[in-house]
Amino acid sequence: MNIRNIDLNLLVYLNVLLEERSVSRAANKLALTQPTVSAALKRLREYFSDPLLVRTAGGMQPTEKALALKPQINEFIRLSESITQSDSQFDPVTAQHTFKILTNDYIESCLLFPFIAKTADCYPNISYNITSPGDSSLGELQEGSVDIAINRFKQAPTSFHQKRLWRDNFRVICHQDNPFAQTPDLDSYLTQPHIWVSRSGIISENRISKDSHPSKLGELDEALWQMEKKRNIQVFTRHFQAQALITGSKSLLLTIPNRLALASFQNDPLVTLPLPFQMVPQEISMVWSPIKHYDPAHTWLRQQLTEFASSLPS
């Protein structure tokens, strides 16, 4: 087997599988879903041309091949940790550390900027490099040069760890003299011109147009399409902060996540209104590579962001 052909994160999964001898217990220990661990085991079986774990009356049992691999995998993990983790402890007060976070301006406004403002004085040596999907890639996240991606992920690589931060729905922002403000129903919503904002995945959308299929435009337009409806998109932008457009226009509508609408668009002459049709709330999660999972600094950041997100008003 050529090492270039295997995701080394899978060896970490195999180690836990051999310890737990259960896909469900291994998934719980790894903070992954059971289907993700099952898929990882399938790939490992293909790589090693061996079942590795077989189901018996007494539970899952390792094969001879797996038992022979176990000490080698333990040594690999020990060496990897000694190389990547110089210190077992992380003190945010004294540590000189920069975190690179991949996200968009929605998450910046609702989570990262408030978090940094609250903690900057407490941790003066902690720095943040916040980058957008157009500036950083999925490969950088996978190899660990980007620490965390925070966004709405329709489909993240199964090898990544994932933690949900919140669920959010949409609101409509418009000028107070917009016809929709007077009659906020579906017909009025579809009649007015719209500002489309890039859907919140990690891959930037470079070829979006009015002719794009609704599934390419994101969950909002896909929901309308399922109702056999379509909105009139006049402006395509990659930034949620399109306040200047709707402040100066009495016709444009901007549909954005509820948290961002309530946090950033509460000033005259703008109004925020409920979406005039039902939508499944979107889940905002942070994902990271298994390479970073046990790093003390990374663990600290994940805990801080999770606790801070849970304290925010919804």
For [X] and [Y], indicate whether the former's side chain and the latter's backbone hold a donor-acceptor pair under 3.5 Å.
| X | Y | result |
| --- | --- | --- |
| Asp168 | Arg259 | yes |
| Gln182 | Gln176 | yes |
| Thr98 | Tyr128 | no |
| Gln162 | Val287 | no |
| Ser38 | Gln34 | yes |
| Ser289 | Glu143 | no |
| Arg45 | Pro51 | yes |
| Asn178 | Phe180 | yes |
| Glu75 | Pro71 | no |

Listing request: all side chain to side chain donor-acceptor pair (under 3.5 Å) pairs with a residue in residues 296-305, at least two apart in sequence or in separate chains. His298-Arg302
According to a 4.5 Å side-chain heavy-atom criterion applied to Ile, Leu, Val, Met, Phe, Trp and Tyr, with indirect links allowed, do [X] and [Y] form part of one hydrophobic cluster?
| X | Y | value |
| --- | --- | --- |
| Phe170 | Val280 | no |
| Val172 | Leu254 | no |
| Ile256 | Leu224 | no |

Any idea how Tyr106 and Trp166 line up, ring-wise: parallel (<30°), tilted (30 to 60°), or perpendicular (>60°)? perpendicular
Heavy-atom side-chain contact between [X] and [Y] under 4.5 Å:
| X | Y | answer |
| --- | --- | --- |
| Ile148 | Leu102 | no |
| Arg43 | Leu10 | yes |
| Leu69 | Leu52 | yes |
| Val12 | Pro290 | no |
| Ser127 | His97 | no |

Tell me yes or no: between the side chains of Thr33 and Thr36, is some donor less than 3.5 Å from an acceptor? yes
Do Asp50 and Thr63 get their side chains close enough for a donor-acceptor pair, meaning under 3.5 Å? yes
Residues 248-258 vs salt bridge (charged side-chain N to carboxylate O under 4.0 Å, His left out), sequence neighbours excluded, gives Asp177-Lys250
According to side-chain contact (heavy atoms from CB on, under 4.5 Å), who are the partners of Ala223, at least two apart in sequence or on a separate chain? Phe277, Met279
Salt bridge or not between Lys29 and Glu20? Use side-chain N to carboxylate O under 4.0 Å. yes
With the threshold set at 4.0 Å, does a side-chain nitrogen-carboxylate oxygen contact exist between Arg231 and Asp221? yes
Closest non-hydrogen contact found for Gln282 with Pro257 is NE2-CG, 3.3 Å
Which heavy-atom pair separates Leu252 from Leu245 by the least distance, and what is that distance? CD1-O, 4.2 Å
Which residues share a side chain to side chain donor-acceptor pair (under 3.5 Å) with Lys163, sequence neighbours left out: none
Residues which pass ring-ring contact (aromatic ring centres under 6.0 Å, His included) with His194, listed by chain and number, not counting sequence neighbours: Tyr189
Side-chain atoms of residues 107-123: list all donor-acceptor pairs with protein atoms under 3.5 Å, sequence neighbours left out, distances to 0.1 Å.
unit_1, atom_1, unit_2, atom_2, d
Ser109, OG, Asp105, O, 3.0
Ser109, OG, Gln241, NE2, 2.9
Thr119, OG1, Phe115, O, 2.9

Atom pair CD1 (Ile150) and CD1 (Ile284), whose distance is rounded to the nearest 0.5 Å: 9.5 Å
Hey, could you give me the CD1/CD distance between Ile126 and Gln96, rounded to the nearest 0.5 Å? 8.0 Å
